[in-house]
Amino acid sequence: MNPILKSEQLEKQSLADKYPSRVTDVPVIMKREDPVLYSEWTEQSPLTREQSDFYEQNGFLVLDQFFSAEEITEWRSELKKLGDIYRKEEAEHVILEPESREVRSIFAIHDNNECFKKLAEHPRLVGIANYLLGSDTYVHQSRINFKPGFTGKEFYWHSDFETWHVEDGMPAMRAFSCSIALEDNYHHNGPLMVIPGSHKKFISCIGKTPDNHFKQSLRRQEYGVPDPDSLEMLRKEGGIHTALGSAGSIILFDCNTMHGSNSNITPDPRSNVFLVYNSTENKPQKPYSGQNPRPLYIAVRE
Ligand code: 6CS
Ligand code: FE
C-alpha cells in the first residue's frame with residue numbers, strides 16, 4: 001500500500017479521535033495526550049508521595065497487605081460459591097476458558113453481588129480512585145478472574161484503554177484497574193506482568209474489529225493486541241515487571257499500561273477481583289469503531 005495513503009487515512013481519523021486504533025494496516029506508536037495523575041499530591045493524599053510518583057512514572061503500583069486475612073477469606077469463599085454455581089449454569093456475564101468449560105471470568109460482580117458491591121465501594125479504594133483520577137469516580141467494569149490451577153489460561157499483552165476506547169467509546173485515559181489478590185501470586189502461577197512506562201505511549205493496533213468481537217475476545221483476544229515490534233520496543237525501554245505479592249495485596253495500574261499474564265499449569269490457583277474505576281468526567285461515548293457498544297455487564301454506560 002502507498003504509505004501516503006496510509007497516513008492520510010490515519011490523519012482523517014485523528015481529527016475526531018486522538019487515539020485512533022484498528023484503522024490502518026500498519027501499527028503506529030503515539031504519545032499519550034492525557035495526564036496520568038489527575039491530582040496534586042498533598043499530606044492528605046491517600047498515597048505517600050513516593051507511591052504517587054512511582055505510579056505516575058511507571059503506570060502501576062503494588063500495595064502489599066492492603067486487605068486483611070479475614071476480608072480475603074470472605075471474598076474467596078464468595079468467589080468459590082460463584083464458581084460452583086456457574087460451572088453448571090450458563091450465563092451471559094460468565095466467560096469460559098477458550099478450550100474448556102472452566103469458568104474464566106465473571107463480569108459485573110459490583111452490580112450482581114452484595115459482597116463485591118461492598119468491596120467496590122470500600123472507602124480506602126474509592127479514596128485512591130478519586131485521588132488518582134482527580135474527580136468523582138464510578139466502576140466502569142468489574143469481574144473476578146479465576147486462573148484455576150492446572151487449566152488457567154493466559155491473557156495476551158494488551159492495553160485495556162485500547163479496547164475500552166475502540167469498543168466502548170471511553171474518550172480519554174482517565175481510568176485505572178485495581179486487581180485484588182485473593183491468593184498468593186508467585187512467579188509460577190501466572191501473575192500479572194506489566195511493562196513499566198508503557199502507559200505513556202499509545203500503540204495503535206492493526207486490523208478491523210469483527211462484529212460482536214467481545215464474545216471471542218474475552219476468552220482469547222486477537223484484535224486490539226499490539227504487534228511484536230511495538231512490544232519489543234516497549235520492553236526494551238521499560239523491561240517487564242512481574243507483580244508478586246501475597247493474598248490481600250492490590251495492584252493499581254493505569255488503563256493504558258501494557259500488561260498480560262501467562263497460563264497456570266501449577267496446582268496453585270491465582271484468583272483475583274478486578275475493579276475498573278473511571279472518572280465521572282470520562283463517561284463512554286459512541287464506540288470509536290463505529291460499531292454497537294458492548295453489553296452493560298462489560299462496560300457501564302450511565
Ligand atoms: O475487553 C475487556 O474490556 C477486558 N479484556 C481484557 C483482556 N482486559 C481488560 C478488560 O477486562
Ligand atoms: Fe487487561
Side-chain angles (χ1 to χ4, degrees), residues 19 21-22 59-60 92-98 103-111 116 120 138-147 152-171 173-181 185 190-195 198-199 202-203 205 207 209-226 231 234 240-243 250-264 270-278 282-284 287-289 291-301:
Y19 300 114
S21 186
R22 307 188 211 175
F60 74 97
E92 219 189 8
H93 65 290
V94 176
I95 310 297
L96 303 179
E97 290 287 3
V103 178
R104 177 174 171 89
S105 312
I106 300 180
F107 276 82
I109 46 146
H110 75 287
D111 205 20
F116 292 121
Y138 70 99
V139 174
H140 168 75
Q141 182 188 86
S142 70
R143 65 193 150 111
I144 39 189
N145 279 345
F146 284 82
K147 198 57 96 82
K153 287 281 175 291
E154 75 280 359
F155 285 82
Y156 192 70
W157 292 107
H158 63 280
S159 145
D160 293 330
F161 178 76
E162 197 277 344
T163 297
W164 298 340
H165 185 68
V166 173
E167 298 191 29
D168 301 334
M170 183 184 280
M173 295 179 184
R174 195 171 178 180
F176 73 96
S177 292
C178 171
S179 167
I180 300 153
N185 281 258
L192 184 76
M193 300 182 291
V194 295
I195 301 189
S198 57
H199 62 309
F202 179 71
I203 311 290
C205 302
T209 323
D211 283 334
N212 288 323
H213 174 233
F214 66 92
K215 292 192 177 162
Q216 170 59 31
S217 72
L218 297 176
R219 302 183 81 182
R220 180 175 282 146
Q221 193 175 354
E222 281 168 30
Y223 294 86
V225 293
L231 273 174
L234 292 178
I240 293 177
H241 179 86
T242 306
I250 68 171
I251 307 160
L252 313 171
F253 60 100
D254 177 80
C255 59
N256 189 44
T257 299
M258 194 58 75
H259 64 284
S261 65
N262 285 316
S263 69
N264 181 16
R270 186 201 153 250
S271 51
N272 56 50
V273 180
F274 257 98
L275 299 168
V276 178
Y277 293 93
N278 186 27
N282 192 35
K283 286 196 181 152
Y288 290 83
S289 63
Q291 284 157 313
N292 288 331
R294 300 194 295 176
L296 296 177
Y297 64 83
I298 309 178
V300 172
R301 304 193 68 81

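Indexing begins at 1, ligand by ligand and atom by atom, following the structure's order.
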Side chain proximity check, [X] to [Y], heavy atoms < 4.5 angstrom:
{"X": "D168", "Y": "H140", "answer": "yes"}
{"X": "R219", "Y": "K153", "answer": "no"}
{"X": "V276", "Y": "F176", "answer": "no"}

Kindly determine whether L218 and R143 satisfy side chain to side chain contact (heavy atoms under 4.5 Å, CB included), including the steps that lead there. CA-CA 11 Å; L218 297 176; R143 65 193 150 111; over 6 Å; no
Distance from [atom] to nearest protein heavy atom, with residue and atom:
{"atom": "atom 1 (O) of ligand 1", "result": "R294 NH1, 2.9 Å"}
{"atom": "atom 5 (N) of ligand 1", "result": "L218 CD2, 4.0 Å"}
{"atom": "atom 6 (C) of ligand 1", "result": "H158 NE2, 3.6 Å"}
{"atom": "atom 10 (C) of ligand 1", "result": "Q141 OE1, 3.3 Å"}
{"atom": "atom 9 (C) of ligand 1", "result": "D160 OD1, 2.8 Å"}

Which atoms of ligand 1 have any heavy atom of T163 under 4.0 Å away? 1 (O)
Which atoms of ligand 1 are found less than 4.0 Å from any heavy atom of Q221?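 Selected atoms, number and element: 7 (C).
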Report yes if [X] has an N/O atom closer than 3.5 Å to an N/O atom of ligand 1; otherwise report no.
{"X": "R143", "answer": "yes"}
{"X": "W164", "answer": "yes"}
{"X": "D168", "answer": "no"}

Only protein N/O/S atoms count here: give how many lie under 2.8 Å from the Fe ion (ligand 2).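 Protein heteroatoms (N, O, S) closer than 2.8 Å to the Fe ion (ligand 2) number 3.
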Sequence neighbours excluded, which residues qualify as ring pair (Phe, Tyr, Trp, His ring centres under 6.0 Å) partners of Y223?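 If we apply the ring pair (Phe, Tyr, Trp, His ring centres under 6.0 Å) test to Y223, skipping adjacent residues, the hits are H213.
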Classify the ring geometry of Y288 against H165: parallel below 30°, tilted from 30° to 60°, perpendicular beyond 60°. parallel
Please evaluate residues F253 and H199 with respect to the criterion side chain to side chain contact (heavy atoms under 4.5 Å, CB included), reporting the C-alpha separation (whole Å), side-chain torsions for both, the decisive distance (0.1 Å), and the verdict. CA-CA 9 Å; F253 60 100; H199 62 309; over 6 Å; no
Just do the side chain to side chain contact (heavy atoms under 4.5 Å, CB included) check on F146 and I106 with the steps written out, would you? CA-CA 9 Å; F146 284 82; I106 300 180; 3.8 Å; yes
Working for side chain to side chain contact (heavy atoms under 4.5 Å, CB included), residues R220 and E154: CA-CA 8 Å; R220 180 175 282 146; E154 75 280 359; 3.9 Å; yes
Contact region, F214 to ligand 1, non-hydrogen atoms below 4.0 Å, reads neither
Interatomic distance, I203 atom CD1 to W157 atom CH2 [nearest 0.5 angstrom]: 12.5 Å
